[in-house]
Amino acid sequence: MILSALLTSVGINLGLCLLFFTLYSILRKQPGNLYVYAPRLVDKEKSQQQESDDFDLERLLPSASWVRNAWQLSEDEILSISGLDGLVFTRIFTFSLKVFTIAGVIGISILLPINYFGNQLSDDFSHLPNKSLDSFSISNVNDGSNRGSEAVYFLIGPLLTPCNALVACPLKFEAQYRILGSPEQQKCSSFQKLELFYVFLNDEKLWVHFSAAYIFTGVVCYLLYYEHSYISAKRIAYFYSSKPQPHQFTILVRSIPSSSGRNFSETVESFFTEYHPSTYLSHSVVHRTSKIQDLINDADKLYRKLGFMKSNNDSQQNFRRDGFLGLTGRKVNLLDRYEKKLEDLEDNVRKEQNLLAGECPLNLRKFSLTINATVGTQGNTFQEVPAAFVSFKSRFGAAVALHIQQGVNPTEWVTERAPEPQDVHWAFFSASFIKRWIFKLVVLVASFALIVLFLIPVVIVQGLANLDQLEKWFPFLKGILSLTVVSQVITGYLPSFILQLFLSFVPPIMLTFSAIQGYISRSQIERSACSKMLWFIIWNIFFANVLSGSAFYLVNVFLEPKNIPRVLAEAVPGQASFFISYVVTSGWTNLSSELFRLIPLVCSFWKRLFSGKDGDEFEVPSIPYYNDIPSILFFGLLGITYFFLSPLILPFLLVYFCLGYIIFRNQLLNVYAPKYETAGMFWPIVHNSTIFSLILMHVIAIGIFGLKKLPLASSLIIPLPVLTLIFNAYCQNRFLPLFKAYPTECLIKKDRKDLNEAGMTEFYDKLVTAYQDPALRPVQHARSSDSDTSPLLHSTEV
């Protein structure tokens with residue numbers, strides 16, 4: 001790709017960003033868009049909507065007040081608004097900005113000029129716009145020489161062996177310059193030293209890259225340690241400041257063994273009363289409530305349909321013939337019919353709930369027991385599942401039960417940390433240990449199949465990025481591709497756009513894969529999907545594009561570890577132009593579209609157009625960490641990997657992280673509300689991704705210096721990944737235990753503090769029913785609601 005094609009891509013995406021920013025600053029002021037651009041404030045009643053038809057010119061003028069509000073948001077405010085997860089999310093941008101600001105200073109001011117003024121590549125272009133982007137990469141730096149390495153040995157020899165400067169020299173070099181005779185004659189002449197120093201200066205450009213790799217690794221490790229320490233301290237402080245929460249006193253017990261004559265509830269009660277007599281409080285056994293939940297979902301849909309029909313005020317549409325396709329038969333009032341059907345659904349829900357609670361006639365209860373004995377667990381909707389939420393009187397008591405094996409058989413009485421009650425994902429509650437293991441295997445196979453299938457769009461993208469390949473595939477396009485504007489758009493914009501379009505379908509698939517693995521909380525599902533999505537992007541977007549081969553070729557490369565540095569060194573620098581374009585197309589535009597919220601805006605407009613109102617199904621969205629965090633970390637990987645290979649990418653990454661810092665702070669303030677709290681459990685994913693990025697950079701550096709005929713630098717880089725792995729091991733031992741579980745010191749301090757709290761008795765009473773299945777709660781849809789005609793909240797500008 002030439003520079004003008006990159007500038008074309010930058011111009012297109014910069015124009016889209018400015019368009020989205022302008023439209024957002026205008027649309028956010030319109031009263032009808034409050035549910036789109038400030039749903040969190042509407043939910044908290046901090047912002048109100050004023051239905052006014054008065055013309056106000058200020059509403060039509062763009063303004064940047066939202067930037068100031070987002071910039072002035074403090075960390076304490078973010079903590080109170082979005083919890084520790086929201087704070088950790090913003091710290092990812094803070095960490096990235098620190099890293100790439102330092103990288104930008106080194107890369108743009110030192111490495112980029114060295115790369116550009118090299119003459120390794122034969123570039124016939126006479127003016128800058130037609131310069132190939134490879135001219136700004138390390139590929140344009142002159143190769144080193146064996147004499148350069150010998151010169152380094154000679155020059156550092158006096159430091160290693162003061163009595164003889166030539167001891168460190170290779171034998172071949174030593175034989176050339178050693179003068180036999182007296183000790184004075186064995187000293188090299190000034191001319192010889194000057195000659196060797198000139199050889200060293202000829203190779204010093206690559207040694208600058210070598211030094212930059214060491215300096216940058218040290219900076220990243222220092223900043224990573226600081227962030228890990230900061231977030232760990234915040235996690236402990238957040239725990240101390242929190243009020244008693246049900247999940248802190250509760251564990252989930254799975255694979256409860258069955259016993260004759262006793263149900264699972266009685267088994268759990270007997271077991272924990274016997275082995276945890278001083279700390280056990282209560283338990284709640286999980287039931288299969290799929291049929292009840294289906295009835296509730298049908299009732300919800302019918303209720304929303306009734307609300308839509310009532311809001312239309314069209315009496316003609318409320319009547320329909322009850323015959324074939326509504327064309328024959330007598331006319332009936334659909335409102336009456338749907339209301340009667342809604343009542344029947346609610347009655348059925350109550351009956352199923354009574355059956356589950358045992359509040360049913362004796363003959364029906366006996367019939368249900370007969371069904372259990374004949375058809376087993378699958379034939380009964382109120383069958384117990386061998387899993388239960390067990391609550392304790394103290395956090396320490398729950399921690400002891402969590403971390404100690406409960407039974408002789410390790411596959412029975414399996415314990416895990418209980419999520420928050422609102423975080424429990426009841427729909428995919430896998431009961432069996434073997435079943436969960438099989439699901440994990442199925443997900444592994446399905447993920448591999450998805451990775452292979454995704455190579456198809458990758459091949460298409462590589463064809464678009466390479467005009468020669470595209471002309472070979474489609475010869476009839478040769479005339480069109482010869483046009484400068486067309487070739488610049490195709491090579492500079494379309495590849496990244498198409499790849500991002502295909503990639504947008506992957507996060508929901510990964511979320512589904514994680515759900516069927518048997519996780520019982522949305523936070524676990526999202527963390528699992530986040531990891532899957534991250535490694536999917538790294539493999540399919542980075543390695544597949546870099547190596548540009550078949551799936552078997554990609555696998556074969558990594559089956560021969562000794563060739564990995566060489567293969568990556570040959571391939572990675574050549575894809576710098578594609579990834580620079582990817583940062584601009586995927587990064588900048590996606591962030592601006594996140595701010596603009598096009599899909600929610602269209603949905604809101606559609607609702608107002610056909611129903612005359614919005615907000616009947618209003619729900620504050622939560623930030624999709626499983627989608628956003630992998631994208632951010634992947635751009636971080638590109639920045640670290642291409643730091644010394646092609647530093648031209650660094651300014652575009654800095655723009656991306658600056659935009660993300662402002663935009664997501666604005667979204668946390670106005671749009672998103674947390675649905676759960678993991679207390680910063682996403683940060684270990686950030687740490688592991690950064691360490692992997694550094695190791696990848698080191699491996700590529702080893703190969704690059706080898707290809708550049710500088711074996712000494714290639715050898716001296718080897719300690720760098722070793723030191724990085726040692727640093728990672730230290731961080732894992734120092735900080736990771738704090739993310740797995742709170743220490744005894746914190747638990748007992750918090751329990752002792754709670755002894756003086758007056759509301760603990762009330763908390764224990766609520767804890768008994770905290771983990772009740774939502775399908776078992778009373779369901780009653782209002783027959784008439786004033787919400788259909790009530791005005792929206794009155795308000796000021798957001």
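What you see is a predicted model, and the numbers here were worked out from it, not measured in a lab.
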Undergrad: For Glu77, what residues pass the salt bridge (charged side-chain N to carboxylate O under 4.0 Å, His left out) criterion, not counting sequence neighbours?
TA: none
Undergrad: Is the distance between the ring centroids of Phe396 and Phe392 under 6.0 Å?
TA: no
Undergrad: Give the C-alpha distance, both sets of side-chain angles, the deciding distance and a yes or no for salt bridge (charged side-chain N to carboxylate O under 4.0 Å, His left out) between Lys753 and Glu757.
TA: CA-CA 7 Å; Lys753 182 181 178 181; Glu757 296 291 337; 5.6 Å; no
Undergrad: My understanding is that only residues two or more places apart in sequence, or in another chain, count here; which of them pass ring-ring contact (aromatic ring centres under 6.0 Å, His included) with Phe513?
TA: none
Undergrad: Side-chain donor-acceptor contacts of residues 622-634 below 3.5 Å, not counting sequence neighbours, with atom names and distances?
TA:
unit_1	atom_1	unit_2	atom_2	d
Tyr625	OH	Gly86	N	3.4
Ser631	OG	Asn627	O	3.2

Undergrad: Given the side-chain rings of Phe389 and His283, with only the six-membered ring counted for Trp, is the space between their centroids under 6.0 Å?
TA: no
Undergrad: For Ser242 and Lys750, test the side chains for any donor-to-acceptor distance below 3.5 angstrom and give the result as yes or no.
TA: no
Undergrad: Identify, with sequence neighbours excluded, every residue that meets salt bridge (charged side-chain N to carboxylate O under 4.0 Å, His left out) alongside Lys766.
TA: Glu762
Undergrad: Within the 3.5 Å criterion, strictly below it, is a donor on Thr94 or Lys98 matched to an acceptor on the partner's side chain?
TA: no
Undergrad: My understanding is that only residues two or more places apart in sequence, or in another chain, count here; which of them pass salt bridge (charged side-chain N to carboxylate O under 4.0 Å, His left out) with Arg91?
TA: Glu75, Glu227
Undergrad: Please list all pairs passing the salt bridge (Lys or Arg N to Asp or Glu O under 4.0 Å) test where one or both residues lie in residues 392-404, with sequence neighbours left out.
TA: Arg395-Asp751, Arg395-Asp754
Undergrad: Which distance, rounded to the nearest 0.5 Å, do you find between the CZ of Phe95 and the CD1 of Ile92?
TA: 10.0 Å
Undergrad: Under 6.0 Å between ring centres: does that hold for His687 and Phe739?
TA: no
Undergrad: Looking at Phe735, I'd like to know if the NZ or CZ of Arg235 sits under 6.0 Å from its six-membered ring centre while staying within 45 degrees of the ring's axis.
TA: no
Undergrad: In terms of side-chain geometry, is the basic nitrogen of Lys749 or Glu745 positioned less than 4.0 Å from the acidic oxygen of its partner?
TA: yes
Undergrad: Are Trp535 and Phe692 close enough that their ring centers fall under 6.0 Å?
TA: yes
